[in-house]
Amino acid sequence: MSDANSHTADSPAAITGGQGSVGDYFALLKPRVMSLVIFTAFVGLIAAPGTIHPWLGFVALLAIAVGAGAAGALNMWYDADIDAVMKRTSKRPVPKGTITPEEALGFGMTLAVGSVLVLGLLVNWLAGALLAFTIFFYIAIYTMWLKRLTPQNIVIGGAAGAFPPMVGWASVTGSIDLGAIALFLIIFVWTPPHFWALALWKKINADYTEAGVPMLPVVAGADETRRQILLYTLVLVPVTLLPALTGTVGWLYTLANAGLGAMFIWHAWQVFAIREGAEAEAACKKLFGFSTLWLFVVFALILLERALGLPLFPPVLA
């Protein structure tokens, strides 16, 4: 395994000090992940009780987006060694040599500090502190520690991707309420079956084995991964209904999610039950695709209820 913070003598980055284009630096931000962060943070901001000035709301979302990009850049800085040996990540800017690890580190740290300061100074310091903790958790807890240590990496590390709606919520309220925690839990429990379905479909075990990353399919095998997907899905469905108990949603969200949850369980059962041949691969592909759409629809339903002005349930949990 190569050193994450060095390049071979004949690599382009070692010779020139990096020739990264705007596109290379944009790739460091992990734009696909950033788009999900912006969306879920926006839902947290809209779902929160109270109001925020539109300009401050925009500033909050921009700071959260930049913070997410900072985490992506710092992840690529630290993971340059394993990115270089995995096919699906070998074309990233750092292993490709167009951006040096030092440049990725400096870029990521600048964005991280700037985003936290902007959110704290212009919105509120609880939101800024949560954003700082999110970046720290993703880099120090997940990337530097859990990812290379335990097959539960994606389970615990998934918390980093679940924090954005809490940051959006705190931007409005200046507090962390049970409604924000409910949104956090939805993404937190959704992440393992979503990612493991991708791992089984794309058959990326060889990549992780080569890189020495103990992802669950590598360590425990495909059958145990299928069992874990089903178990997490069975937990996810009732978790999705928690916002109804916190007074965050109404009947539209609740009824729609009852049906969506049943569909999620059916797809997870197909992955669990079909274990051989092209049908097994197709089941994993369908679950991954459905889980991606599912998360979007679940959060979009909250926005739709707000847009339509539909009544919300009175909070049971407070």
Side-chain angles (χ1 to χ4, degrees), residues 30-40 43 68 72 75 83 86-92 138 142 147 151-162 164-165 183 185-209 211 213-240 256-257 259-301:
K30 294 190 174 181
R32 284 188 295 181
V33 175
M34 183 192 290
S35 63
L36 178 61
V37 167
I38 295 171
F39 175 64
T40 57
V43 173
N75 170 266
D83 282 350
M86 296 198 298
K87 289 181 180 179
R88 70 185 187 90
T89 57
S90 61
K91 299 300 183 183
R92 287 176 172 175
Y138 184 65
Y142 171 69
K147 185 173 183 178
Q152 294 301 308
N153 46 24
I154 201 66
V155 176
I156 306 170
L183 298 181
L185 288 174
I186 291 172
I187 302 176
F188 180 71
V189 182
W190 164 85
T191 301
H194 170 75
F195 178 83
W196 288 332
L198 172 66
L200 291 177
W201 167 39
K202 288 293 188 179
K203 299 179 180 178
I204 54 182
N205 291 5
D207 265 1
Y208 285 121
T209 301
V213 179
M215 290 295 181
L216 184 67
V218 175
V219 175
D223 286 348
E224 175 60 19
T225 303
R226 289 184 170 91
R227 189 179 77 88
Q228 291 290 328
I229 286 173
L230 181 58
L231 289 176
Y232 272 92
T233 302
L234 292 173
V235 173
L236 175 62
V237 173
V239 165
T240 309
N257 270 292
L260 288 168
M263 293 174 65
F264 206 130
I265 291 173
W266 183 83
H267 280 291
W269 174 256
Q270 292 295 105
V271 169
F272 177 77
I274 304 173
R275 305 191 177 193
E276 300 291 339
E279 289 185 356
E281 183 177 331
C284 295
K285 179 180 179 180
K286 288 178 182 178
L287 174 58
F288 175 74
F290 177 79
S291 67
T292 303
L293 178 63
W294 178 92
L295 186 69
F296 172 79
V297 173
V298 165
F299 277 78
L301 283 167

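Side-chain atoms are counted along with the backbone in the values below, which use heavy atoms only and exclude waters and symmetry mates.
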**Asked** Is the shortest heavy-atom distance from the side chain of R227 to the side chain of E224 under 4.5 Å?
**Response** yes

**Prompt:** Side chains of T191 and Y232: does their closest heavy-atom pair fall under 4.5 Å?
**Reply:** no

**Item:** Straight-line distance of D83 CG to N75 CG, nearest 0.5 Å
**Value:** 7.0 Å

**Prompt:** What's the spacing between N153 CG and F195 CZ if we round to 0.5 Å?
**Reply:** 7.5 Å

**Item:** Heavy-atom donor-acceptor pair, W196 side chain to P217 backbone, under 3.5 Å
**Value:** no

**Prompt:** Does the side chain of R275 reach to within under 4.5 Å of the side chain of R226, using non-hydrogen atoms?
**Reply:** yes

**Prompt:** Below 4.5 Å, heavy atoms only, C-beta onward: do I187 and L36 meet side chain to side chain?
**Reply:** no

**Item:** Nearest heavy atoms of V155 and F188, plus distance in Å
**Value:** O-CE1, 3.1 Å

**Message:** Counting C-beta onward and ignoring hydrogens, is there a side-chain heavy-atom pair between P165 and V43 closer than 4.5 Å?
**Reply:** no

**Request:** Give the minimum heavy-atom separation between T233 and A268, together with the two atoms involved.
**Result:** OG1-CB, 3.6 Å

**Message:** Nearest 0.5 angstrom please: N257 CG to M263 CE, how far?
**Reply:** 11.5 Å

**Request:** If the plane angle is over 60° it's perpendicular, under 30° parallel, otherwise tilted; pick one for F272 and W269.
**Result:** tilted

**Item:** Criterion side chain to side chain contact (heavy atoms under 4.5 Å, CB included) against P151, the qualifying member of V218, T225, L216
**Value:** L216

**Asked** So how far is it from L198 CG to L287 CG, rounded to the nearest 0.5 Å?
**Response** 10.5 Å

**Request:** Measure the acute angle between the ring planes of F264 and F290, then classify it against the limits of 30° and 60° as parallel, tilted or perpendicular.
**Result:** perpendicular

**Request:** For residues H194 and I154, determine if any side-chain heavy atom of one lies less than 4.5 Å from a side-chain heavy atom of the other.
**Result:** no

**Asked** Does CD belonging to E279 count more than 12 external heavy atoms closer than 6.0 Å?
**Response** no

**Item:** Sub-4.5 Å side-chain heavy-atom contact between T240 and W294
**Value:** yes

**Message:** For V271 and L230: C-alpha separation, side-chain torsions, deciding distance, then whether side chain to side chain contact (heavy atoms under 4.5 Å, CB included) applies.
**Reply:** CA-CA 8 Å; V271 169; L230 181 58; over 6 Å; no

